[in-house]
Protein chains: 2
Amino acid sequence: MSTEYTGKAAQILDAAENRIRAGGFNAFSFRDVAGDVGIKSASVHYHFPQKADLGQAVVERYTAAFIASLGPPDDPAHTPAQRIAHLAAAYRISTIDRGAICLCCVLGSEAADLPVEVADALRRFFRRLLSWTGTALKTPGGHAVPELSEEAARQGANQVVSLLQGAMFLSILLKDNTHFEAAVKRLPALDFIHA
Amino acid sequence: MSTEYTGKAAQILDAAENRIRAGGFNAFSFRDVAGDVGIKSASVHYHFPQKADLGQAVVERYTAAFIASLGPPDDPAHTPAQRIAHLAAAYRISTIDRGAICLCCVLGSEAADLPVEVADALRRFFRRLLSWTGTALKTPGGHAVPELSEEAARQGANQVVSLLQGAMFLSILLKDNTHFEAAVKRLPALDFIHA
DNA sequence: GTCTATAATTTGATAGAC
DNA sequence: GTCTATCAAATTATAGAC
């Protein structure tokens, strides 16, 4: 499914994403996003009948864009360490530089109370992110470093994603980017990451 | 201020905390918590006039309890590594074992849209947590290991808290505790932590 | 596609009796 | 302290005109 949004639908998704990232799924209304876009709430319902539809679309568009921005996790032109550095840069661009927490981190915190479609889309985001990171760690690059075991790659991905996520959270909440930057600088010192 | 809650007030805080941890600040109403406790919503307003009051009280009670459960961060009877292991155990008890994300992680994600009293209480939680962890890392214990510099302790605390937080988030969201447990097992391998 | 109008429900909060 | 009753506002969502 090539779900590429344009025009008003894309603007609605932009507004909804910004609002969700500021306060969560229950902190915005159809009137809010309608106002942001310059239309009426009934028109938002035309594009996304239910709030759950809107939420799911926001998450899936975000997922596709973020994963795409990472590029292939197994390009032999790059080492695992370079790929992880790229992941960290992608995190920085979409969160730190915007002063807003990752969309899926916000929604993930509310998952138990979210419409199932949204919660499921959310879990897919993190599974894909962990999968990308695991592949990035275990696929040899450059001068063919020894491969990591499947299990080591899994644990390494967990460590990398957890650290980036937690550090991003602290940076945005405490309005102090040194939390994120210090964590990124320390990433190469983690186990599992081959230069 | 010895804000120790008992009776109905404590039950209201319990209910509010559970509801917030499931879906955030905007996902529960006075009627919800009233129903949980077995009273009417007007009675909840008697104990906590505004929703912001209730939110602030929940965060501050949570903060006091969590920090207290950690004990002193500079007890010479323990090594930094032991203190960090204790921190991880406290995290596990209050989140993994309950299947619910940390209260302040949920609210932190919504911080930009929260009443200022609640947002401020939230930031105090994380500052105290980082402070405790920094002290735990830099204070020698047992056989007097060399002290960490102030800056190294700060970065170490950032790394430890970020990792625990991120791993807890993934475990709860994906309903797979191995994320948290693997991260805890890897904690001693981090820099900054002295046996 | 966007609008007006409106339905049905929920929300945070208050007044006042007991 | 808890209740009933109530309010004003906001919410998701729909019907139907243009």
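Scope of the values below: all heavy atoms of this structure, side chains included, with no hydrogens, waters or symmetry mates. Residue numbers begin at 1 in each chain, while the letters A, B, ... track the order of the sequences.
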Of the options [options], whose atoms approach the side-chain atoms of [X] most closely?
X	options	result
B/Arg31	C/dT11, D/dC3, C/dT6	C/dT11
A/Lys8	D/dA5, D/dA13, C/dT2	C/dT2
B/Lys51	C/dT4, C/dA13, D/dT4	C/dA13
B/Ile39	D/dA13, C/dT11, D/dC3	D/dC3

Report task. Quick one: label A/Phe28 by what it contacts on the DNA or RNA (base, sugar-phosphate, nothing), any heavy atom closer than 4.0 Å. Result ->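 Answer is sugar-phosphate: A/Phe28 comes under 4.0 Å of backbone atoms only.
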
Query raised in the report: Hey, does A/Ser29 reach any base, or is it just sugar-phosphate, or nothing, if we go heavy atoms under 4.0 Å?
Result: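 Contact class for A/Ser29: sugar-phosphate only.
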
Roughly how many Å is it from [atom1] in [X] to [atom2] in [N], rounded to a whole number?
X	N	atom1	atom2	value
A/Lys40	C/dT2	NZ	P	13 Å
B/Asn26	C/dT10	CG	P	17 Å
A/Leu54	D/dT12	CG	P	10 Å
A/Phe30	C/dT4	CZ	P	18 Å
B/Asp53	C/dT14	CG	P	10 Å

**Report entry** DNA chain D: 5'-proximal contact among A/Ala42 and A/Asp32 (nearest heavy atom)
**Finding:**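 Nearer the 5' end of the strand: A/Asp32.
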
[X] vs [N]: side-chain N/O to OP1/OP2 distance below 4.0 Å:
X	N	value
B/Gln50	C/dA13	yes
B/His45	D/dT2	no
A/Tyr46	C/dT2	no

Query raised in the report: Going by heavy atoms in the side chains, are B/Leu187 and B/Leu190 under 4.5 Å from each other?
Result: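 Of all side-chain heavy-atom pairs linking B/Leu190 with B/Leu187, at least one is under 4.5 Å.
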
Report task. Consider only side-chain heavy atoms of I, L, V, M, F, W and Y, link residues closer than 4.5 Å, and tell whether A/Tyr5 and A/Val44 are in one cluster. Result ->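 Both belong to a single hydrophobic cluster.
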
**Report entry** A/Lys138 side-chain N/O to A/Thr133 backbone N/O, donor-acceptor pair under 3.5 Å
**Finding:**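 No; judged by distance alone, with no hydrogens or angles, the pair does not exist.
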
Query raised in the report: Are any of the side-chain nitrogens in B/Glu60 or B/Arg124 under 4.0 Å away from the carboxylate oxygens of its partner?
Result: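 Yes, B/Glu60 and B/Arg124 are salt-bridged.
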
Requested in this report: Could you give me the CA-CA distance, side-chain angles and deciding distance for A/Phe48 and A/Phe30, then say whether ring-ring contact (aromatic ring centres under 6.0 Å, His included) is met?
Outcome: CA-CA 10 Å; A/Phe48 304 96; A/Phe30 274 70; 8.6 Å; no

